[in-house]
There are 2 protein chains.
Amino acid sequence: MPRSNRRTGADGDDPVNKGTREPWGPTKRLSSSIYEEVRERICLMRYPPGSVLREVELAGEFGVSRTPIRQVLQKLESEGFVEAKNGVGTIVTGFDFLAMRDIYELRLKLAELIGQLSPNPCLDSHCRQMEALLERARRIRAKQDTEEFWRINHERQSIIRALIGNVALRELYDRYYYLTARVWFQVVEAMWDDQVDALCTELNDLLRAMRAGDTQAVAYVERNHLSYYMALIGRYVSGADRSVSAMAKR
Amino acid sequence: MPRSNRRTGADGDDPVNKGTREPWGPTKRLSSSIYEEVRERICLMRYPPGSVLREVELAGEFGVSRTPIRQVLQKLESEGFVEAKNGVGTIVTGFDFLAMRDIYELRLKLAELIGQLSPNPCLDSHCRQMEALLERARRIRAKQDTEEFWRINHERQSIIRALIGNVALRELYDRYYYLTARVWFQVVEAMWDDQVDALCTELNDLLRAMRAGDTQAVAYVERNHLSYYMALIGRYVSGADRSVSAMAKR
DNA sequence: ATTGATATTGCTGTATGCAGCTTACGGAAA
DNA sequence: TTTCCGTAAGCTGCATACAGCAATATCAAT
C-alpha cells in the first residue's frame with residue numbers, strides 16, 4: 001500500500017502545476033515550487049498575518065507528506081514570513097511597522113547601489129518588455145484586477161533584477177522585494193486609482209531611463225519610487241494601528 | 001528501547017556544549033546550536049571547500065537523528081555555505097573569487113550605511129570591551145593562535161553589530177561577515193604578522209572613533225579596513241588559482 | 001589488455017510514527 | 001454564576017524506515 005507514494009493526495013487541483021505544467025525534470029526539488037506558491041499566498045494576503053498554517057493541511061493540499069512542507073516553512077521562517085511555535089502551529093508574521101521602515105530605508109540605499117556596483121547594460125529586449133508592461137498597466141485602471149497588478153510588478157522586478165550585475169545585491173534586492181510586498185499590497189487595495197497611476201508613472205520613467213541606456217538613472221527611478229511608497233505607507237499606517245499583527249482570522 | 005530517545009548518542013564529547021554549557025531553556029530549538037557549530041567549522045576551514053558532509057556522520061556526532069541535521073544543512077545551503085547533491089552528499093562550496101568580490105563590494109557600501117541609517121550611540125561599555133580586545137590582540141602576535149584571532153574578530157563584529165540601529169542592516173552585516181570569513185581566514189594563515197598588525201590597527205582606529213562617540217567614523221573605519229582586505233585578497237588570489245573550488249580532500 | 005555493461009554500495013529525498021508542548025473545553029467547587 | 005483544574009485533542013519537533021539517484025567496483029566480451 002505505501003508504495004507508489006509519489007503524489008497520492010489531491011492530484012486534480014494541485015495548485016502548483018495549475019496552468020504551467022512544467023516538465024519538472026527528474027525530481028526537480030519538490031519543495032521549491034511549493035515554496036514559491038506559499039510565499040505568493042502570503043504576499044498576496046491570502047494568508048493574512050496571524051493566520052495559522054498547518055503542516056498536514058498543506059501536505060494534503062499539495063499531495064506530499066509533511067517533510068517537504070516543513071522544509072518550505074522553515075525556509076519561510078528564516079526569511080521572516082512565518083514563525084513556527086511548538087505545539088501551536090506556524091503563524092504568518094504580522095509586519096511590524098518599525099521593522100518595515102528599517103527595510104525600506106535599506107532598500108532605498110540598495111536601489112542607489114544598482115547603478116554603482118557593476119550595472120548591466122540596458123538591452124533592447126528589456127525595453128520591449130517594459131513597453132509591453134506599460135501597456136498592460138494602462139489597461140487595468142478600469143477594472144480592479146489586483147492579481148494582474150501583482151504580475152506586472154513581478155515582471156518589473158524581474159527586469160530590474162536583470163540590470164543588477166552584482167550577484168549579492170541582486171539576491172538582496174529580490175529578497176526585500178518579497179518581504180515588503182505585503183505592506184505595499186495592502187496600500188494598493190486601499191487606493192487603487194492612485195496606485196495604478198503611480199505604477200504607470202514608474203514604468204514610464206523606467207522606460208525612458210532604459211531607452212537612454214542609463215542604468216544609473218534606472219536605479220534612481222527605483223529609489224525615488226521606493227521613497228514614495230515608503231512615505232505613503234508611513235501615512236497610511238500612522239492612521240491605523242502601528243502594528244497589524246492582530247489582524248488574525250484563525 | 002527507542003524511548004527516551006533524547007540524545008542517545010555520544011553524550012560525552014558533545015561538541016555543542018563544550019565549555020559553555022548553556023541551560024538551553026526547555027528545548028530551545030535543537031538545531032540552532034548545531035547550525036552555529038557547523039558554520040564555524042566551515043568558516044574556520046576545518047571543513048575545507050569540496051569536503052563532503054554526511055548527514056548520518058554528523059547525526060552520530062551530535063547525538064541526534066538526521067532530521068535536525070538536515071535542517072541545519074538546508075539552512076547552510078540557503079546561505080550559500082554548502083550545496084546538497086542527491087545521491088552524492090552535501091558539499092562545502094568553494095568560494096568563487098568573482099562572487100567574493102561582489103560580496104566585498106557590497107559590504108563596503110553596507111559598512112558606510114552603518115553610520116547613516118539610525119546608528120546607535122557608542123557607549124562606554126563598548127569602549128571598554130574594545131580596549132580589552134585590543135589588549136588581547138596585542139598579545140597574540142608572538143604565538144600564532146588562529147583560534148584566538150578568530151574569537152577576537154568575532155567580538156569585534158559583535159560590538160560593531162551593536163552600533164547598527166537598522167535591524168535589517170544588522171542582519172545583513174552579520175550574514176556577509178560569516179560568508180566572507182573563510183576567504184579572509186585563509187589569507188590570515190598565509191601572512192600572520194601582517195594580519196595581526198592590521199587587526200591591531202583596526203581595533204585602535206575603532207576605539208578612537210568610539211571614544212569620540214562618532215558612529216559614522218566607526219563605519220568609515222570598517223569600510224576602509226574592508227577595502228584593505230579586499231585588495232589583499234585580490235592580490236593573494238590572483239597569484240594562485242582564481243577559484244579554490246578544487247581544494248577538496250574527499 | 002581494454003572496454004563495455006551491470007551489480008553494488010552509499011548517499012540524499014520522502015513518508016510516517018511517536019513524544020512533548022500548548023490550548024481549549026468541560027465539569028466541579030465556591 | 002464564576003473560577004479553577006483536569007483532561008483531551010491537535011499541533012510541531014524528532015526519530016526512523018523506505019525509495020531513488022549517483023558513483024564505483026566488478027565481470028564479461030572483444
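Chain letters run A, B, ... following the sequence lines, proteins first, then strands; residues in each count from 1. Model, not experiment: these values are computed from the prediction.
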For atom CG of B/L58 and atom C1' of C/dT12, their distance in whole Å: 13 Å

With B/Y178, the side chain to side chain contact (heavy atoms under 4.5 Å, CB included) member among B/E79, B/H154, B/E36: B/H154

Rounded interatomic separation in angstrom, taking CZ from A/R54 and P from D/dA9: 17 Å

From B/I42 atom CD1 to B/L76 atom CG, the distance as rounded to the nearest 0.5 Å: 5.0 Å

Main-chain N/O of A/D102 paired with B/N166 side-chain donor or acceptor, under 3.5 Å: yes

N or O in side chain of A/S65 less than 4.0 angstrom from C/dA15 OP1/OP2: yes

Contact under 4.0 Å: A/Q71 side-chain N or O vs C/dT14 OP1/OP2: yes

Atom-pair distance (CD1 on A/I91; C1' on C/dT22), nearest Å: 11 Å

Separation of atom CD in B/Q74 from atom P in C/dT12, rounded to whole Å: 11 Å

Short side-chain N/O contact from B/T90 to OP1 or OP2 of C/dT12, under 4.0 Å: yes

Neighbour count above 12 (heavy atom, 6.0 Å) for A/R101 CZ: no

N or O in side chain of A/R70 less than 4.0 angstrom from D/dG13 OP1/OP2: yes

B/N120 (side chain) donor-acceptor with B/A162 (main chain) under 3.5 angstrom: yes

Residue met sooner reading DNA chain C from 5', once A/T67 and B/L73 are mapped to nucleotides: B/L73

Value in whole Å for how far the P atom of C/dG13 lies from NZ of A/K75: 13 Å

So which protein N/O to nucleotides 6-8 of chain C N/O distances come out below 3.5 Å?
none

Closest to side chain of B/N86, choosing from C/dT22, C/dA15, D/dG20: D/dG20

Residue pair A/E77 / A/T90, side-chain heavy-atom distance below 4.5 Å: no

Rounded distance (Å) that lies between atom P of C/dT16 and atom CD of A/E55: 14 Å

For atom NZ of B/K85 and atom P of D/dA23, their distance in whole Å: 8 Å

Sugar-phosphate only, base, or nothing, as touched by A/L53 at under 4.0 Å among non-hydrogen atoms: sugar-phosphate

Distance, rounded to the nearest Å, where A/F62 contributes CZ and C/dA15 contributes P: 13 Å

A/I103 side, atom CD1; A/L226 side, atom CG - distance, nearest 0.5 Å: 12.0 Å

Closest to side chain of B/R66, choosing from C/dA15, D/dA23, C/dT14: C/dT14

